[in-house]
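Scroll down for the structure; my scribbles are underneath it.
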Amino acid sequence: MSITFETTGPVLVVDLLGRLDSANAAEVEGALLERVTATAGPVVLDLVRLDYISSAGLRVVLVVAKRMKQAGRPLVLCGLQPNIRDVFEISGFLNILDVAPNRADAVKRSEGG
């Protein structure tokens, strides 16, 4: 699992690459929360290069979403591959999270556009 952070204007874009599962969920959660709490703007989670997500990975996304909601900041997910989208849909996460088709739309939506 690799995580990259990029700032696009006021938006923190987080790119996840690889597998998000029980083997790395705690480490990824720590890195995400550290970076998310160090910034004040909206956050976009770009999952276009995420190959697999387990229930432990879903929990990480939920923890970050909860933290963002508590802070009154937007969180937008984007780039869900079909297999990842299926997991989010089955778990009901598509009903509670803001999901955009691609990074450009996610950044625009997170900025209120």
Side-chain angles (χ1 to χ4, degrees):
M1 164 60 59
S2 153
I3 308 169
T4 57
F5 299 96
E6 177 185 327
T7 304
T8 304
V11 181
L12 175 64
V13 179
V14 181
D15 187 17
L16 300 179
L17 167 64
R19 298 173 55 92
L20 181 50
D21 55 28
S22 60
N24 58 19
E27 180 182 340
V28 171
E29 180 179 329
L32 288 175
L33 289 177
E34 179 181 333
R35 193 64 182 263
V36 163
T37 55
T39 61
V43 173
V44 168
L45 281 182
D46 190 343
L47 307 180
V48 74
R49 299 187 315 153
L50 189 67
D51 300 322
Y52 174 82
I53 190 166
S54 71
S55 59
L58 288 173
R59 182 191 166 284
V60 170
V61 173
L62 196 58
V63 166
V64 171
K66 185 176 180 182
R67 183 73 54 95
M68 293 295 292
K69 185 172 184 170
Q70 289 170 340
R73 297 166 51 200
L75 171 70
V76 182
L77 278 62
C78 67
L80 278 68
Q81 298 301 321
N83 60 322
I84 303 296
R85 179 173 278 282
D86 289 346
V87 172
F88 275 81
E89 187 172 348
I90 291 166
S91 67
F93 278 35
L94 290 183
N95 297 326
I96 60 172
L97 297 173
D98 192 359
V99 179
N102 57 53
R103 183 182 289 210
D105 288 347
V107 167
K108 188 175 184 178
R109 188 180 298 178
S110 72
E111 292 177 317

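The residues of the chain are indexed from 1 along the displayed sequence. Only heavy atoms go into these numbers, but all of them, side chains included; no hydrogens, no water, no symmetry mates.
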Taking Arg109 for the side chain and Val99 for the main chain, is one N or O donor matched with an acceptor at less than 3.5 Å?
yes
More than 12 foreign heavy atoms under 6.0 Å from CD of Glu27: is that the case here?
no
Under 4.5 Å between side-chain heavy atoms, counting indirect links through other Ile/Leu/Val/Met/Phe/Trp/Tyr residues: same cluster for Val63 and Val44 or not?
no
Value for CD1 (Ile53) from CZ (Phe93), rounded to nearest 0.5 Å, stands at 8.0 Å
Euclidean distance, Leu50 CG relative to Ile84 CD1, rounded to 0.5 Å
4.5 Å
For Gln70, look at atom CD and say whether over 12 heavy atoms of other residues, nucleotides or ligands are found less than 6.0 Å away.
yes
Distance (rounded to the nearest 0.5 Å) between Arg59 CZ and Leu20 CG
11.0 Å
Any chain of hydrophobic side-chain contacts (each under 4.5 Å) joining Val64 to Tyr52?
no
Could you see if Phe88 belongs to whatever hydrophobic cluster contains Val60? Use Ile, Leu, Val, Met, Phe, Trp, Tyr and a side-chain cutoff under 4.5 Å.
yes
The reported gap from CG in Leu17 to OG1 in Thr4 (rounded to nearest 0.5 angstrom) is 8.0 Å
Using the side chain to side chain contact (heavy atoms under 4.5 Å, CB included) criterion, which residues pair with Val14? Sequence neighbours excluded.
Ile3, Phe5, Leu12, Leu16, Leu32, Val43, Leu45
Consider only side-chain N and O atoms of Thr8 and Arg103, and report whether a donor and an acceptor are under 3.5 Å apart.
no
Quick one: side chain to side chain contact (heavy atoms under 4.5 Å, CB included) partners of Asp86, sequence neighbours excluded?
none
Looking at CG of Asp15 and CG of Asp46, how far apart are the two atoms once the value is rounded to the nearest 0.5 Å?
5.0 Å
In terms of hydrophobic clustering (I, L, V, M, F, W, Y; side-chain heavy atoms under 4.5 Å; direct or indirect links), are Val61 and Ile96 co-clustered?
yes
Please check if the side chain of Arg73 supplies one atom and the backbone of Met68 the other of a donor-acceptor pair under 3.5 Å.
no
Kindly determine whether Leu94 and Arg85 satisfy side chain to side chain contact (heavy atoms under 4.5 Å, CB included), including the steps that lead there.
CA-CA 8 Å; Leu94 290 183; Arg85 179 173 278 282; 3.5 Å; yes
Look up atom CG in Leu97 and atom CG in Leu75, then write down how far apart they are to the nearest 0.5 Å.
7.0 Å
